[in-house]
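Below is one structure, written out as structure tokens; comments come after it.
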Amino acid sequence: MAGGSKRYSRNNSNGNFQTLPERGPVESLIYWRDVKKSGIVFGAGLITLVAISWFSVISVFAYLSLLALFGTVAFRIYKSVTQAVQKTNDGHPFKEYLELDLTLSQEKVQNIAGVAVAHLNGFTAELRRLFLVEDLIDSIKFGVILWVFTYIGAWFNGMTLVILAFVSLFTLPKVYENNKQSIDTYLDLVRSKLTEITDKIRVAIPIGNKKPVAAAATESDKDK
């Protein structure tokens, strides 16, 4: 441990220990830096989402809150009885959590709001560009994605997609981290093929968009 932060390592393919990059608290959960914590969060989240898919959100919230309240009350009574029998004065069992500062500063709220507004503005501008066909190829690709979503919507309901997204959040990043080199190789290959196909389509249908760099460079050489 250095500077108050934990460093994690793993065995690589050669049998040697490889130091893993440091992550923030949320990323550490997603990348399973602490298997116990990640397992608890993943299990609790998955159970909650499955319960919501079967029951109403209000019922799930009420039952989970009652379960948590029952656990904390039982633990508080148990610790009080233990302290009385052993004649110790350990104080409140949840003192550490009661003293946590949960208040949000005005500066932090403004930063979060600024980031949210920036993303919202970018999202709105991108939708306007796609729907008003600023670039024909990009709008066609967007249409294909929407067409695929119609099939996904027919196969799965919204809650099922949320559950799949949650499971993917706790599995895909770790799979990518463990197989980064091979996955990047295939992704670069696919990306280059898509770029090549897109450039060919842009040359064949040069409507409302800029010409590919290669084509623009060729025409510039011809003009010279």
When you group the ILVMFWY residues by side-chain heavy-atom contacts below 4.5 Å and let the links chain together, are I145 and V190 in the same group? no
Indicate the atoms forming the closest heavy-atom contact of L169 with I30, along with that distance. O-CG2, 2.9 Å
Quick check on the hydrophobic clustering: are Y63 and V60 connected, directly or via other members, by side-chain heavy-atom contacts under 4.5 Å? no
Work out which heavy atom in S168 is nearest to a heavy atom in P173; give both atom names and the distance. O-CD, 3.3 Å
Identify the heavy atoms of F166 and V41 that sit nearest to each other, and give their distance. CZ-O, 4.1 Å
Here the pair of heavy atoms bringing P93 nearest to K79 is CB-CG, 3.8 Å
What is the distance from atom OG of S192 to atom CG of L187, rounded to the nearest 0.5 Å? 10.5 Å
State the CZ-CZ distance between F142 and F131, to the nearest 0.5 angstrom. 4.0 Å
Run the numbers on I112 and V115 for side-chain contact (heavy atoms from CB on, under 4.5 Å), then give the verdict. CA-CA 5 Å; I112 295 174; V115 172; 5.9 Å; no
If two hydrophobic side chains count as joined below 4.5 Å and joins carry through other members, does I47 share a cluster with L67? no
From L130 CG over to D138 CG, what is the distance, rounded to the nearest 0.5 angstrom? 6.5 Å
V35 backbone acceptor or donor facing S38 side chain under 3.5 Å: no
Given side-chain hydrogen bond (donor to acceptor under 3.5 Å, both in side chains), test T124 with N121 step by step and report yes or no. CA-CA 5 Å; T124 305; N121 289 337; 5.5 Å; no
Quick check: closest heavy atoms across L29 and F170, and the distance to 0.1 Å? O-CE2, 3.7 Å
Counting C-beta onward and ignoring hydrogens, is there a side-chain heavy-atom pair between H92 and R76 closer than 4.5 Å? yes
Gap between atom NZ of K174 and atom CG of N178 - 0.5 Å precision: 5.0 Å
How far does CG of L161 sit from CD1 of I152, to the nearest 0.5 angstrom? 7.0 Å
Using the rule that Ile, Leu, Val, Met, Phe, Trp and Tyr join whenever any side-chain heavy atoms are under 4.5 Å apart, tell me whether Y31 and L172 fall into a single cluster. no
Kindly give the heavy-atom pair with the smallest separation between S139 and R129, and that separation in Å. OG-O, 4.1 Å
Check the pair F61, I58 against side-chain contact (heavy atoms from CB on, under 4.5 Å), reporting the backbone distance first and the verdict last. CA-CA 5 Å; F61 174 77; I58 296 176; 5.8 Å; no
With a 4.5 Å heavy-atom cut-off, do R191 and D188 have their side chains touching? yes
Connected via hydrophobic side-chain network under 4.5 Å: L194 and V203: no
Take Y176 and D184 through the test side-chain contact (heavy atoms from CB on, under 4.5 Å) and record every step on the way to the result. CA-CA 9 Å; Y176 174 73; D184 283 345; 2.7 Å; yes
More than 12 foreign heavy atoms under 6.0 Å from CZ of F94: is that the case here? yes
From CG (N111) to CD (Q106), nearest 0.5 Å: 10.5 Å
